[in-house]
Asker: 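Below is the structure I would like to discuss, written out as structure tokens.
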There are 2 protein chains.
Amino acid sequence: MLQVSRKFEYGLHAVTYMATKGLGRVVTVKEMADEIGFSQEFLSKAMQSLKRAGIATSVQGVNGGYMLARPITEVTVADIAIAIEGRPHLVRCGVKADSCEIFSSCHHRGYMNNLQHKIQDLLAATTIHSLLQEIER
Amino acid sequence: MLQVSRKFEYGLHAVTYMATKGLGRVVTVKEMADEIGFSQEFLSKAMQSLKRAGIATSVQGVNGGYMLARPITEVTVADIAIAIEGRPHLVRCGVKADSCEIFSSCHHRGYMNNLQHKIQDLLAATTIHSLLQEIER
DNA sequence: GAAAATAGGGTTAAAATAATCCTATTTAAC
DNA sequence: GTTAAATAGGATTATTTTAACCCTATTTTC
């Protein structure tokens with residue numbers, strides 16, 4: 001259905017939430033889950049992905065939590081998508097060639113790959129900074 | 001995972017196949033399924049969707065089959081996507097508002113809808129005619 | 001009337017996604 | 001040094017979506 005995953009939505013909300021709190025501020029998953037209205041456990045998985053991708057850093061232990069690792073002018077929506085879902089693959093043969101019966105004779109692969117890159121460029125064109133500005137208006 | 005459905009792939013292959021056969025030629029689902037390498041039954045569902053959308057016309061009975069209803073310069077990849085999957089909805093609240101817990105307080109909807117339109121524009125920018133030209137090269 | 005097609009409802013199977021559960025580890029505070 | 005609050009993450013289950021399949025009806029040519 002050409003839809004973004006829930007986990008990505010969770011992650012994007014978390015990042016914009018952290019952004020409004022400022023770069024240095026540590027926020028807990030509980031705080032975000034309560035504030036935004038998401039399940040704490042699932043949001044936690046999204047945060048772990050963001051951390052692995054270097055978008056957020058974490059502080060363990062009491063008073064720990066997450067904070068943004070980079071300035072919001074340098075993080076794009078594409079970065080978050082890739083952190084959470086991996087690089088987008090419009091067609092499944094991009095992930096696993098043998099998932100398509102007609103791989104060797106397929107004429108559409110080039111076009112599809114092209115399309116995929118364009119979509120990724122679209123996501124990469126929005127930084128968290130510009131997203132916040134759009135939201136404020 | 002931001003992926004296109006198999007049914008859409010089937011439909012797109014069928015349309016390009018019919019296009020190479022010429023506008024007037026009637027082709028059967030069996031012929032296409034054999035030629036392309038897909039399951040006949042499932043391709044048949046895709047064809048029914050294309051018909052309902054006015055992209056293909058059908059002839060029933062012996063010697064029946066499908067053929068393109070419109071010139072390939074006037075059918076875009078977006079038309080096929082919409083025929084088969086319905087209008088794309090990047091986020092599920094676009095389909096069903098109550099599928100999201102934070103619908104009323106969500107700040108991302110505008111941006112997401114915007115993105116969705118841009119993706120659709122991308123698909124609408126390729127006609128079957130131009131797709132075939134890309135393939136030939 | 002038989003055969004070859006589309007039309008389409010309904011069911012099952014498989015895969016992907018989302019949610020939950022549970023335990024480990026880290027660290028501050030007392 | 002024990003407790004409590006947090007992240008880390010493996011493992012499992014539930015749900016939803018997608019794909020595949022089955023079966024019957026209808027249309028039309030010969």
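Predicted model only: the values in this text are computed from it and were never measured. Every chain is numbered from 1 and lettered A, B, ... according to where its sequence line falls, protein lines coming before strand lines.
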Asker: Closer to the 5' end of DNA chain C via nearest nucleotide, is it B/Val59 or B/Glu101?
Answerer: B/Val59

Asker: Under 6.0 Å from the ring centre and within 45 degrees of the ring axis: does the NZ or CZ of A/Arg109 meet both conditions for the six-membered ring of A/Phe103?
Answerer: yes

Asker: Using a cut-off of less than 4.0 Å, is there contact between a side-chain N or O of A/Asn63 and OP1 or OP2 of C/dT27?
Answerer: no

Asker: What is the distance, rounded to the nearest whole Å, between atom CE of B/Met32 and atom P of C/dA5?
Answerer: 12 Å

Asker: Less than 4.5 Å apart, side chain to side chain, heavy atoms only: is that true for B/Leu50 and B/Val15?
Answerer: yes

Asker: Between B/Ser58 and C/dA5, is there a side-chain N or O to OP1/OP2 distance below 4.0 Å?
Answerer: no

Asker: Is the phosphate of D/dA8, meaning OP1 or OP2, less than 4.0 Å from a side-chain N or O of A/Lys51?
Answerer: yes

Asker: Can you tell me how far C1' of D/dA19 sits from CZ of B/Phe8, to the nearest Å?
Answerer: 17 Å

Asker: Can you tell me how far P of D/dT18 sits from NZ of B/Lys7, to the nearest Å?
Answerer: 10 Å

Asker: Heavy-atom distance under 4.5 Å between the side chains of A/Val77 and A/Phe8, does that happen here?
Answerer: yes

Asker: Are OP1 or OP2 of D/dG9 and a side-chain N or O of A/Arg52 less than 4.0 angstrom apart?
Answerer: yes

Asker: Are any of the side-chain heavy atoms of B/Gln40 and B/Met32 separated by less than 4.5 Å?
Answerer: no

Asker: Nearest whole Å is fine: how far is C/dT17 C1' from A/Glu85 CD?
Answerer: 10 Å

Asker: In whole Å, what is the span from the CD atom of B/Gln40 to the P atom of D/dC23?
Answerer: 16 Å

Asker: Check if the side chain of A/Lys45 and the base of D/dG10 share a donor-acceptor pair of N or O atoms closer than 3.5 Å.
Answerer: yes

Asker: Could you give the CZ-to-C1' distance, from A/Arg25 to D/dA6, as a whole number of Å?
Answerer: 15 Å

Asker: D/dA20 phosphate, OP1 or OP2: any side-chain N/O from B/Tyr10 under 4.0 angstrom?
Answerer: yes

Asker: Fit a plane to each ring of A/Phe38 and A/Tyr10, take the angle between them on a 0 to 90° scale, and name the class: parallel (under 30°), tilted (30 to 60°) or perpendicular (over 60°).
Answerer: parallel

Asker: Taking atom P of D/dT27 as reference, at what distance in whole Å does atom OH of B/Tyr66 sit?
Answerer: 15 Å

Asker: Record whether the side chain of B/Gln60 comes under 3.5 Å of the base of C/dT6 through a donor-acceptor pair of N or O atoms.
Answerer: yes

Asker: In whole angstroms, how far is the P atom of C/dG10 from the CD atom of B/Glu41?
Answerer: 16 Å

Asker: Are OP1 or OP2 of C/dA18 and a side-chain N or O of B/Arg92 less than 4.0 angstrom apart?
Answerer: yes

